[in-house]
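Reminder, nothing fancy here: chain letters follow the sequence lines and each chain counts from 1.
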Number of protein chains: 2
Amino acid sequence: MTLASLPRHQGGADGLARLLGQALLAGYWHPGETFPRERDLCEHFEVSRNQVRSALATLVALGLIERTAGRGSLVCEIGEWHLLDPLVSAWMADIEAPDPQLLREIFAFRYSAEPAVARLAARAAEAEDLERLEAAYQGMQRTAGRPEESAQHAEHDVAFHEAVYRASHNLVWRQMGHLLKPSIVALIQRSQAPLQPQRDGLGDSLARHGRLLEAIRHRDADAAEAAATDVLRRTAVDLGIVADAEAGSAWRR
Amino acid sequence: MTLASLPRHQGGADGLARLLGQALLAGYWHPGETFPRERDLCEHFEVSRNQVRSALATLVALGLIERTAGRGSLVCEIGEWHLLDPLVSAWMADIEAPDPQLLREIFAFRYSAEPAVARLAARAAEAEDLERLEAAYQGMQRTAGRPEESAQHAEHDVAFHEAVYRASHNLVWRQMGHLLKPSIVALIQRSQAPLQPQRDGLGDSLARHGRLLEAIRHRDADAAEAAATDVLRRTAVDLGIVADAEAGSAWRR
DNA sequence: CGAGGTCAAATGTCTGACATTTGTGGCGGC
DNA sequence: GCCGCCACAAATGTCAGACATTTGACCTCG
């Protein structure tokens with residue numbers, strides 16, 4: 001793929017890295033393909049070689065491309081990408097069409113991980129954690145059911161789940177909160193009607209979030225784990241990550 | 001802290017980044033302190049400004065330091081560090097004395113996460129995954145009980161757990177396998193007698209790994225989850241992450 | 001047909017200068 | 001004496017040009 005269809009102007013070397021990184025995440029180039037040469041990038045974006053090299057160094061650090069003297073730059077396999085890096089997550093969060101396979105992977109991770117995180121949160125949450133959860137939950141309440149405010153609703157949704165990760169009071173889990181934004185935002189964009197009336201028996205999303213909040217508030221680890229599973233199950237079923245039948249049996253034991 | 005006590009020669013800009021990064025991870029400078037200036041680094045290591053700037057750019061990308069024109073470089077808070085980046089993990093893996101608090105955080109994460117990973121592995125493992133697990137397990141068997149081969153034993157230990165993460169067939173979990181190396185290697189270095197005879201009733205480590213392998217082989221998710229908890233529990237008790245009493249009750253439900 | 005050499009192409013590195021941002025100290029006015 | 005403004009120094013950011021090194025391909029010669 002040539003770079004003819006990429007926009008020109010953006011701010012500085014970081015902006016260039018972001019532009020190229022998002023193009024890579026969106027599948028503009030495929031793994032194994034050769035990435036444009038430094039000189040071509042300089043000409044196309046009308047920037048100095050320094051900026052190009054700085055941007056490419058960022059992409060290398062994120063495992064998106066691989067460079068060797070004399071050969072050029074190659075796009076790495078998706079398995080090499082540093083999905084856990086905050087930069088990658090932030091870039092992925094505002095792409096219109098991220099790789100659906102990638103989204104499934106991220107959500108499958110969340111579906112297996114967040115119950116355990118909720119357990120930890122129920123045991124470790126402190127007053128300020130509960131305040132953050134409460135604030136995010138109220139934000140979700142205010143913006144619920146209004147399609148024109150779905151963007152804000154997603155923001156509060158992200159904040160809620162991030163607060164859960166943070167309440168675990170574990171550095172590693174907390175950093176993984178970065179993965180939430182791309183997952184939640186992209187999923188809402190995918191489903192044009194994010195707040196469709198629940199045609200299944202799983203109850204509405206807001207109430208499930210509320211039950212998770214209450215479980216953490218009461219330091220009930222078992223209830224928190226179950227509530228976290230409930231929050232994610234509907235989407236997991238939609239994405240085919242877990243079969244409808246086992247959503248309530250084998251998975252939860 | 002000055003940089004007078006850091007060694008001089010290492011290979012290239014990557015080597016310099018590694019040296020400085022490991023110094024940061026080891027607590028050579030504390031969060032909030034100002035990092036040495038470019039010019040001083042050039043002089044001390046006798047390298048060009050390009051290499052210094054390249055190395056510092058890496059440290060910025062990893063969230064270890066923060067730079068602003070006119071002010072200099074500051075060491076970031078530990079919470080900002082990108083612990084999930086493979087580079088950081090690799091650096092941390094061969095530091096003689098990593099921050100013990102950091103190790104506790106990483107192990108606490110593993111203790112809460114690996115049971116869920118083992119569940120996924122039991123459901124998703126394929127033939128090649130079982131081969132990898134088997135090979136690592138046999139390697140652990142060969143090197144067990146021989147203090148002179150504790151390094152190789154640790155390598156096989158890492159390979160075993162990495163194979164479990166990989167067997168989950170989830171991109172995100174698989175990438176988190178990077179965290180295993182620093183965790184396992186550092187813990188073995190800490191306990192001078194890694195293979196001391198089991199004075200508690202938890203059984204020996206090798207047998208517990210074997211039970212995890214068998215559970216995955218038989219696609220028994222419940223047994224795999226329990227076995228993974230068993231593998232980690234002894235160390236978790238030693239580190240004070242979980243109380244001895246609740247190791248078998250509340251945590252496993 | 002194969003081994004080796006030569007060349008072009010691409011990335012890596014160096015150097016020196018200049019631009020920009022930031023903090024600080026001095027200077028003057030009120 | 002206090003406050004605001006200005007100028008300067010210090011640090012990082014940026015640029016441009018040249019040169020070094022690695023790689024792959026082509027070409028030649030035995």
Minimal heavy-atom distance between B:L239 and B:R104, with the atoms involved, is O-NE, 3.1 Å
Write down the atom of A:D94, the atom of A:Q22, and the distance for their closest heavy-atom approach. OD1-NE2, 3.3 Å
I'd like to know if the side chain of [X] reaches the main chain of [Y], judged simply by a donor and an acceptor atom lying under 3.5 Å from each other, with no hydrogens or angles considered.
X: A:E134; Y: A:L213; value: no
X: A:S168; Y: A:V164; value: no
X: A:H82; Y: A:A61; value: yes
X: A:Q152; Y: A:T143; value: no

Pairing stems for DNA chain C [at least three consecutive pairs; Watson-Crick or G-U; under 3.5 angstrom]: C:1-30 with D:1-30
Atom pair CD (B:E105) and CZ (A:R174), whose distance is rounded to the nearest 0.5 Å: 10.0 Å
For D:dC15 and A:Q51 - does any side-chain N or O of the residue sit under 4.0 Å from the phosphate oxygens OP1/OP2? yes
Are side-chain N/O atoms of B:H161 and B:D157 paired as donor and acceptor at under 3.5 Å? yes
Can you give me the N/O atom pairs linking the protein to nucleotides 8-12 of chain C at distances under 3.5 Å, or say none if there are none?
residue : atom : partner : partner atom : Å
C:dA10  : OP1  : A:R37   : NH1          : 2.3
C:dA10  : OP2  : A:R37   : NH1          : 2.6
C:dT11  : OP2  : A:E38   : N            : 3.2
C:dG12  : OP2  : A:R53   : NH1          : 3.1
C:dG12  : OP2  : A:R67   : NH1          : 2.9
C:dG12  : N7   : A:R49   : NH2          : 3.0

Distance in angstrom units between B:N50 CG and D:dA16 P, rounded: 15 Å
